[in-house]
Q: 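Structure in structure tokens, see below.
The chain is numbered in sequence order, starting from 1.
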Amino acid sequence: MTSTYLPAADGRLLPRPGRWIALGVLVLAVLLVAVDATVLGLATPFLSEDLKPSGTQLLWIGDIYSFVIAGLLVSMGSLGDRVGRKRLLLTGAVAFGGISVLNAYAATPETMIVARALLGVAGATLMPSTLALIRNIFHDPRERSLAIGIWGAMASAGAAVGPVVGGFLLEHFWWGSVFLINLPVMAVLVIVGIRTLPESRNPAPGPWDMTSVVLSLVGVVGVVYAVKETAAHGPGWEATAAGVAGAVALHWFVRRQLTLTAPLLDMRLFHHRGFSGGVLADLLTILGLSGLVFFLSQFLQLVQGRSPLEAGLAELPAAVGAVAAGLVAGATARRFSVRSVVAGGLAAIGLALAALTGLSQSTGFPLLGAVLLVVGVGAGFSFTVTSDVILSSVPREQAGAASAVSETAYELGAALGIALLGSVVTGVYRDFPAPPGVPADAVSAAHESLGGAVEAAAGLPGSSAAALLAAAQDAFAAGLRLASGVGAAVLLVTAVVAWFLLRDQKLEDGAEH
């Protein structure tokens, strides 16, 4: 394997200067995924108007990407350990760019859902490879902490750049243009990555078990689908069947991993309390946050009447806070403690979400900006430190599998968060009482989604249009307030859990040899 380190005469590993350029390439991959995730929220009102999806289809467009990527991350992380993380990363980047074109030109809700699912397949190759390569490029723990901080900061920067650039594009071009911005980033990543990234893999990986791949995909997607459908429509035979099939597949997957000589995922990793605590903290944190993030862009545009660019700029404080906190998280955790930084960050997010339970159409930017800044700082501290703990808990040859577990928790939390908290918002919204005098077909369209309400109101006389739109906006805001309260409770409980699970965990100080 090509290394970014050179052996010295005394046996020490001396770093090559090119390791920071290699890191720059890796964060481009993070930007690809982060930008794609955030621009979708801004584009949703335009996509709704053009493709006319139902409320359920709109949720699928939002979360199918996370369903698929969560189901495949472990498999792709293990594949990278076997075939080479650089090779998998660059192949996935090319696929990600190509499938982004399919997303941009989707003409029906069904096509868009399929395109988002395919993008999830490509995205599953990117994130585990980036973290695994960082684990293998940076042997010095303090440098690795900084590199992980930069990695996380660029993910947050992507979350900021996505809405701003996406807002600009949406004001000048059609909604599909927000997906085409992936192409130049992908091109730079591939061209520079071929020359600068070192290849790394597990020197004795064993065969790639396809049965385990299928079991992990069926298990994760089945369970998440069951949760989503039950939350949205109540218990039903389809959701129950999917949940049972998913649970059986995951149970079979775990038992199979314990018997294989070269498992897809070494279950012994979970014996390390820091590893398990970090994974659980990430999953619950994203679960509490994701529903808010998905619906906040719609609130800013369709309830408060901001332009896409204004909505993107309004969300900027979260990214600024995450970037700043991510860069100093490693040093802060070494000065104080891992559990105080992680638990403190999670508690800060929880309190910020609790403040959003007072959200209304008249809520001004100063309050929103302050809340989002606190959310960003808390997330920057907690995610950076948990990623460092997870990566430091495993040998370098298992970095891909460990990174995949970390990213699976992130994506699974996102899928469950959109499903559960999104269903809270949708459940409150769809039952809002229609103003008298509004035609039944307009009421039906308005109950499907807030975008549908805006479109239905546009075809009504002035007084009826204003009444319908006001009722829909009030209902949406009420749903978002309730979802924020649920998210706050989840985050505060997670902070307590992290405090106990991460007891005595420390970030490494000495360099590896």
Q: Could you tell me which non-hydrogen atom of A226 sits nearest to which non-hydrogen atom of A239, and how far apart they are?
A: CB-O, 3.2 Å
Q: Does Q505 use its side chain to pair, donor to acceptor, with the backbone of R273 at less than 3.5 Å?
A: no
Q: L119 pairs by side-chain contact (heavy atoms from CB on, under 4.5 Å) with which of I64, L102, V114, N103?
A: N103
Q: Minimum heavy-atom separation for S216 and G71, please, with both atom names.
A: OG-O, 3.7 Å
Q: Locate the shortest heavy-atom distance separating A488 from A354; write the atom from each residue and the value.
A: CB-N, 3.5 Å
Q: Please test T386 against T285 for side chain to side chain contact (heavy atoms under 4.5 Å, CB included), starting from the C-alpha separation and ending with a verdict.
A: CA-CA 11 Å; T386 53; T285 303; over 6 Å; no
Q: Kindly indicate whether the side chain of V385, heavy atoms from C-beta on, has any atom under 4.5 Å from the side chain of F381.
A: no
Q: Within the 4.5 Å heavy-atom criterion, are L89 and T125 side-chain neighbours or not?
A: no
Q: Restricting to non-hydrogen atoms, name the atom on I99 and the atom on A115 that form the minimum distance, rounded to 0.1 Å.
A: CG2-O, 3.7 Å
Q: Could you check L72 against V220 for side chain to side chain contact (heavy atoms under 4.5 Å, CB included), going step by step and ending with a plain yes or no?
A: CA-CA 9 Å; L72 288 176; V220 171; over 6 Å; no
Q: Rounded at 0.5 Å granularity, tell me how far CG in L346 sits from CG in L492.
A: 9.5 Å
Q: Counting only N and O atoms by type, is there a donor-acceptor contact under 3.5 Å from the side chain of R481 to the main-chain atoms of L359?
A: yes
Q: Taking the side chain as every heavy atom from C-beta outward, state whether L480 and L356 have any pair of such atoms under 4.5 Å apart.
A: no
Q: Just how far is it from atom CG of L368 to atom CZ of F299, taken to the nearest 0.5 Å?
A: 6.5 Å
Q: So how far is it from I150 CD1 to L26 CG, rounded to the nearest 0.5 Å?
A: 11.0 Å
Q: Ignoring hydrogens, what is the shortest heavy-atom contact between G274 and V389? Give both atom names and the distance.
A: O-CG1, 3.5 Å
Q: Looking only at heavy atoms, what is the nearest atom pair of L469 and A457, with distance?
A: CB-CB, 4.3 Å
Q: Can you sort out the partners of F270 under ring-ring contact (aromatic ring centres under 6.0 Å, His included), two or more places apart, ordered by chain and number?
A: F275
Q: For residues L351 and V374, determine if any side-chain heavy atom of one lies less than 4.5 Å from a side-chain heavy atom of the other.
A: no
Q: Take Q473 and L302, measure what side chain to side chain contact (heavy atoms under 4.5 Å, CB included) needs, and give me the verdict at the end.
A: CA-CA 8 Å; Q473 290 173 333; L302 300 181; 5.7 Å; no
Q: D282 and F383: side chain to side chain contact (heavy atoms under 4.5 Å, CB included), yes or no, with the steps?
A: CA-CA 7 Å; D282 285 356; F383 284 133; 3.4 Å; yes
Q: Are side-chain heavy atoms of L180 and F173 found at a separation under 4.5 Å?
A: no
Q: Looking at CD of E110 and CD1 of I61, how far apart are the two atoms once the value is rounded to the nearest 0.5 Å?
A: 8.5 Å
Q: Quick one: are L118 and V68 in side-chain contact, heavy atoms under 4.5 Å?
A: no
